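First up is the structure itself, then whatever we jot down about it.
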Amino acid sequence: MAERTERVLVTGALGQIGSELVQSLRARYGGDHVVASDMRTDASPEICEGGPCEKLDVTDGKMLAEICDRYKVDTIYHLAAILSGVGEQKPDLAFDVNMNGLKNVLDVARERKMHRVMVPSSIAVFGPTTPRDNTPQETLLRPTSMYGVTKVAGELLCDYYWQKYGLDVRGVRYPGLISYKTQPGGGTTDYAVAIYYDAIQHGKYTCFVSEDTVLPMMYMPDALRALIELAEAPGEKLRYRNAYNLAALSFSAGELAASIKKRMPEFEVVYEPDFHQAIADSWPKSIDDSDARADWNWSPEYDLDRMTDDMLAELRKQLQRVGVED
Ligand code: NAD
Ligand code: SER
């Protein structure tokens with residue numbers, strides 16, 4: 001039985017995760033109980049018609065407070081952020097949104113004694129000095145991207161609000177997420193999504209990391225379930241607040257291409273690494289998520305083959321619906 005919350009606010013709700021998380025939360029808690037917000041205004045009818053929708057820039061603390069009061073929000077899923085690729089090109093924007101936006105969310109939640117705040121972190125907290133294989137929960141966090149810097153500082157800020165004010169903040173360190181409903185927003189792991197689109201639409205793909213680049217990844221249904229399961233887990237069992245290591249899949253860009261080629265033998269990939277390569281090379285290849293498994297029973301369901309089957313089938317349906325499949 002799902003825990004009932006009075007009102008949930010999702011920030012960054014039109015992004016890769018938010019556009020699907022809003023639907024999952026509305027199915028669980030009721031459409032009227034979940035407010036979708038984003039600074040963008042191009043919400044799909046699916047999001048707009050399923051419950052309240054608001055334009056909200058999280059760097060504007062007053063606007064955030066006003067929306068929380070108007071809807072009597074007691075839980076925030078804070079997804080508004082600038083990801084690693086865009087963050088390297090616009091470091092000031094990444095710092096502003098990822099740090100000041102998070103601080104506004106934590107302050108608004110603390111002042112209103114909210115029930116809970118969920119804040120995803122990322123494998124970007126790790127850096128070149130972190131062990132890259134089976135990266136432990138507790139290890140060196142010395143990232144070299146601006147995105148990573150804000151994610152480490154964000155984890156520490158969340159921990160501070162939990163320790164100092166008792167605000168129930170929880171989070172996971174997501175690996176790269178793969179999904180078909182909404183395209184990713186400018187991260188280093190975006191190639192693992194774009195490859196499926198280009199396989200179906202063009203039969204070939206130019207990959208911006210090298211063939212032997214291995215990164216941890218996860219399919220969106222597992223990612224959504226992880227966040228909701230952590231939100232509903234008994235607090236006394238949680239040894240970490242922000243944030244738990246999470247693992248599901250680890251594969252090279254070449255292995256990903258091969259899993260598509262198995263199903264589409266004509267598919268071709270060329271590798272032309274760009275600035276994303278340095279970011280990818282600073283991140284782990286695989287993650288030790290034994291603490292998440294022990295504390296709140298985390299377990300992923302999708303392997304590479306099952307994900308590829310699902311991605312290709314769902315993307316084909318979606319691209320046919322909008323009439324853009326070659
Ligand atoms: P995304 O880029 O797809 O979506 C982010 C959303 O935030 C966008 O819709 C954007 O319009 C919005 N946004 C940007 N600035 C804003 C602002 N100032 N105010 C309000 N909204 C703003 O990102 P996502 O993939 O959905 O990521 C959500 C969270 O999960 C982020 O914290 C991200 O770091 C984390 N995460 C994502 C991944 C992944 O692979 N997608 C992996 C690890 C962690
Ligand atoms: N997918 C994200 C990125 O590449 C990881 O946090 O930025």
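Numbering of residues begins at 1 and proceeds along the displayed sequence. In each ligand, atom 1 is the first atom listed, and ligand 1 is the first ligand listed. As the structure is a prediction and not an experimental result, all values here were calculated from the model.
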Self-check item: A233 versus R170, closest heavy-atom pair with distance
Solution: O-NH1, 2.7 Å

Self-check item: Ligand-side contact atoms (ligand 2) for residue partner W283, heavy atom cut-off under 4.0 Å
Solution: 3 (C), 4 (O), 5 (C), 7 (O)

Self-check item: Residue pairs, two or more places apart or on separate chains, that pass side-chain hydrogen bond (donor to acceptor under 3.5 Å, both in side chains) and touch residues 213-222
Solution: S210-T213, T213-Q277, Y219-D310, D222-R225

Self-check item: Location of contacts on Y147 toward ligand 2, heavy atoms closer than 4.0 Å
Solution: side chain

Self-check item: Taking atom 1 (N) of ligand 2 as the reference point, the nearest protein heavy atom with its distance
Solution: T189 OG1, 2.6 Å

Quiz item: Hey, are S250 and S286 close enough side-chain-wise for a donor-acceptor pair under 3.5 Å?
Solution: no

Quiz item: Side chains of T75 and H115: do they bring a donor and an acceptor to under 3.5 Å?
Solution: no

Quiz item: Does any N or O atom in S122 lie less than 3.5 angstrom from one in ligand 2, N or O only?
Solution: yes

Practice problem: Give the cluster check for L227 versus M114: same hydrophobic cluster or not, with ILVMFWY residues linked at side-chain heavy-atom distances below 4.5 Å. | Solution: no

Quiz item: Can a donor-acceptor pair be found between the side chains of Q16 and S179 at a distance below 3.5 Å?
Solution: yes

Quiz item: Have W298 and D289 got a donor and an acceptor in their side chains that come within less than 3.5 Å?
Solution: yes

Self-check item: Where ligand 2 meets T188 - atom numbers and elements under 4.0 angstrom, heavy-atom basis
Solution: 3 (C), 4 (O), 7 (O)

Quiz item: Do V152 and I82 belong together in a cluster built from hydrophobic side chains that touch within less than 4.5 Å?
Solution: no

Quiz prompt | Exam field: side chain T139 to backbone P136, donor-acceptor pair closer than 3.5 Å | solution = no

Quiz item: Under 4.0 Å from ligand 2, counting heavy atoms only, is it the side chain of S84, its backbone, both or neither?
Solution: both

Between ligand 1 and the protein, tabulate every N or O atom pair separated by less than 3.5 Å, reporting distance only.
unit_1: ligand 1; atom_1: 3 (O); unit_2: Q16; atom_2: N; d: 2.8
unit_1: ligand 1; atom_1: 9 (O); unit_2: G15; atom_2: N; d: 3.3
unit_1: ligand 1; atom_1: 9 (O); unit_2: D38; atom_2: OD2; d: 2.6
unit_1: ligand 1; atom_1: 9 (O); unit_2: R40; atom_2: NH1; d: 3.2
unit_1: ligand 1; atom_1: 11 (O); unit_2: D38; atom_2: OD1; d: 2.7
unit_1: ligand 1; atom_1: 18 (N); unit_2: D57; atom_2: OD1; d: 2.9
unit_1: ligand 1; atom_1: 19 (N); unit_2: V58; atom_2: N; d: 2.9
unit_1: ligand 1; atom_1: 21 (N); unit_2: M39; atom_2: N; d: 3.4
unit_1: ligand 1; atom_1: 26 (O); unit_2: Q16; atom_2: N; d: 3.3
unit_1: ligand 1; atom_1: 26 (O); unit_2: I17; atom_2: N; d: 2.9
unit_1: ligand 1; atom_1: 32 (O); unit_2: K151; atom_2: NZ; d: 2.8
unit_1: ligand 1; atom_1: 34 (O); unit_2: Y147; atom_2: OH; d: 2.5
unit_1: ligand 1; atom_1: 34 (O); unit_2: K151; atom_2: NZ; d: 3.0
unit_1: ligand 1; atom_1: 40 (O); unit_2: L177; atom_2: N; d: 2.9
unit_1: ligand 1; atom_1: 41 (N); unit_2: Q16; atom_2: OE1; d: 2.9

